[in-house]
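Worksheet: the structure to be examined is printed underneath.
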Protein chains: 2
Amino acid sequence: MKTQEKDSRDIVPEPTVKRLPLYLHFLKKAKENGVLTISAPIIGQELEQDPTQVVKDLAYTGVKGRPRVGYNIYELIKGIEEFLGFNQVYDAFLVGAGNLGSALINYPEFRSFGFKIIAAFDISDDVVGTQRGDVNVLHFNVFKELASKLKVRIGILTTPAKVAQEVAEQMAKAGIRAIWNFTPVKLKLPEGVIVQNTSMYSNVAVLVMKLNNQLKKNKD
Amino acid sequence: MKTQEKDSRDIVPEPTVKRLPLYLHFLKKAKENGVLTISAPIIGQELEQDPTQVVKDLAYTGVKGRPRVGYNIYELIKGIEEFLGFNQVYDAFLVGAGNLGSALINYPEFRSFGFKIIAAFDISDDVVGTQRGDVNVLHFNVFKELASKLKVRIGILTTPAKVAQEVAEQMAKAGIRAIWNFTPVKLKLPEGVIVQNTSMYSNVAVLVMKLNNQLKKNKD
DNA sequence: AATAAATAAAGAAAAAAATCTTTATATTAA
DNA sequence: TTAATATAAAGATTTTTTTCTTTATTTATT
């Protein structure tokens, strides 16, 4: 089970990919404060990561640091951004313009993270035709046409769970190659369609579990 | 580095805790469809998990299955919910009633996941005094008073990154023991305060990286 | 009643990731 | 110029997690 896609280009550990944006955020903040060079131990200290872990993660980007000096912060930021593919920007369509969808549309920072939401879709008359910032909410029945015309490759799924599978299939048919899935549904799609799940519930579970454990611990 | 809190009660792997809510969602759906018993291989097949992995995860809850029959679906749902602590419900305060905050307030399903948002806080005159569903948006300057009076232990942080650290400190001072942090900021808080980070950006990074890899792969 | 088949449960092995250790290099200061 | 020091880089070890294997139990079938 579990197809892990062992490819020469896919050898970078997922935990590393997840940590790099955190470094990036911290580095940008440091740059704003006038920092010119920064060492792995400092980054590790600030973000509570093992310094050797930081070194290993940064090594994947190909950026070289210098002993006793650290990394040039400009090079490092540029290196991480290029490595993660954040220098080019994909257009994305979002389906499900409820609260969560609206929240994501209003994350303008996504543009610096490799993609930009250029339109939203829904089926409810209440929201179709409205705007979220400068993003229009269109009816889902024009999704396919627009997606193929504009060659959109990323879809964001923020619909109710009940229609998630159906919508995802439509997305795939319309040429969407990567779906960011915010529903708790395990999507079944043709091979080749990338699905990235962001389950609020998994995070809740970890939080509640930890809290329970701690409160129990304090009791005795 | 990395304090993993080795405690007799904390030996359940985090990946397991994250998978259990996914099983739970699937099981509830199956129950609605009239399923009475279900086997680990079936769950695994549906959710694309290794069947032995499913067995191991479910074993943590203490629920027993029977060979050739599987698990009683009622017992299993109840067992997972109790194990994750979803049977009792914590009150939670949310700070930052923007789009993302509003989206979370409108997730009524959270109640079946162990907590309930009972009030939201902000500092902007535009939102203070308004409502989100049946949740009032109050001014943050009454947070501390209310949190201690109502003994609220969970805080949800959906503010802009710039004020995240400051707000989190105030939360901790008000007696909040667990913070669900949606900002990209690495919070620095007194020991004992649990922080659960949900970084949109990490997920974006994984998605964009996979898409890049695949598009590259298809080119040659 | 006996046998076959399916599957939960427990244990072993493998894989992945994090951590630790060592080495090499560059910078600063004497 | 040399020595001391900080740190990047590479390698080894440990830990964690997943996957594989075996065993035992239970139900269905003959």
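Residue numbers begin at 1 in each chain, while the letters A, B, ... track the order of the sequences.
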Original post:
Rounded to the nearest 0.5 Å, how far does CZ of A:F86 lie from CG of A:L20?
Top reply: 8.5 Å
From [atom1] of [X] over to [atom2] of [N], roughly how many Å is that when rounded to an integer?
X: B:Q45; N: C:dA6; atom1: CD; atom2: P; answer: 14 Å
X: A:K64; N: C:dA26; atom1: NZ; atom2: C1'; answer: 15 Å
X: B:D50; N: C:dA16; atom1: CG; atom2: P; answer: 14 Å
X: B:L58; N: C:dA9; atom1: CG; atom2: P; answer: 9 Å
X: B:I43; N: C:dA6; atom1: CD1; atom2: P; answer: 19 Å
X: A:K18; N: C:dA16; atom1: NZ; atom2: C1'; answer: 15 Å
X: A:Q49; N: C:dT19; atom1: CD; atom2: P; answer: 8 Å
X: B:I42; N: C:dA6; atom1: CD1; atom2: P; answer: 12 Å

Original post:
Is any side-chain N of the basic residue among B:K186 and A:E46 closer than 4.0 Å to the acidic one's carboxylate O?
Top reply: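 Salt bridge: no.
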When you get a sec, tell me which of [options] is the closest nucleotide to the side chain of [X]?
X: B:V69; options: D:dT27, D:dT19, C:dA17; answer: D:dT27
X: A:K56; options: C:dA10, C:dA17, D:dG11; answer: D:dG11
X: A:T52; options: D:dC20, D:dT18, C:dT19; answer: C:dT19
X: B:P67; options: C:dC20, C:dA6, D:dA8; answer: C:dA6

Subject >> Criterion side chain to side chain donor-acceptor pair (under 3.5 Å) on A:N197 and A:S199, from CA distance to verdict >> reply: CA-CA 6 Å; A:N197 296 303; A:S199 165; over 6 Å; no
Subject >> Comparing A:Q53 and B:G65 on DNA chain C - which has the more 5′ nearest nucleotide >> reply: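 The residue mapped nearer the 5' terminus is B:G65.
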Original post:
Would you say B:R66 reaches D:dT27's phosphate, i.e. side-chain N/O to OP1/OP2 under 4.0 Å?
Top reply: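 So the side-chain polar atoms of B:R66 do come within 4.0 Å of the phosphate oxygens OP1 or OP2 of D:dT27, strictly under.
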Original post:
Do any side-chain nitrogens or oxygens of A:Y71 fall under 4.0 Å of OP1 or OP2 in D:dA9?
Top reply: yes
Original post:
D:dT26 base to B:R68 side chain: any donor-acceptor pair below 3.5 Å?
Top reply: no
Original post:
Is B:K144 atom NZ crowded by more than 12 heavy atoms from other residues, nucleotides or ligands, each under 6.0 Å away?
Top reply: no
Subject >> NZ (A:K78) with more than 12 external heavy atoms under 6.0 Å >> reply: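 For A:K78, atom NZ is not crowded (no more than 12 foreign heavy atoms under 6.0 Å).
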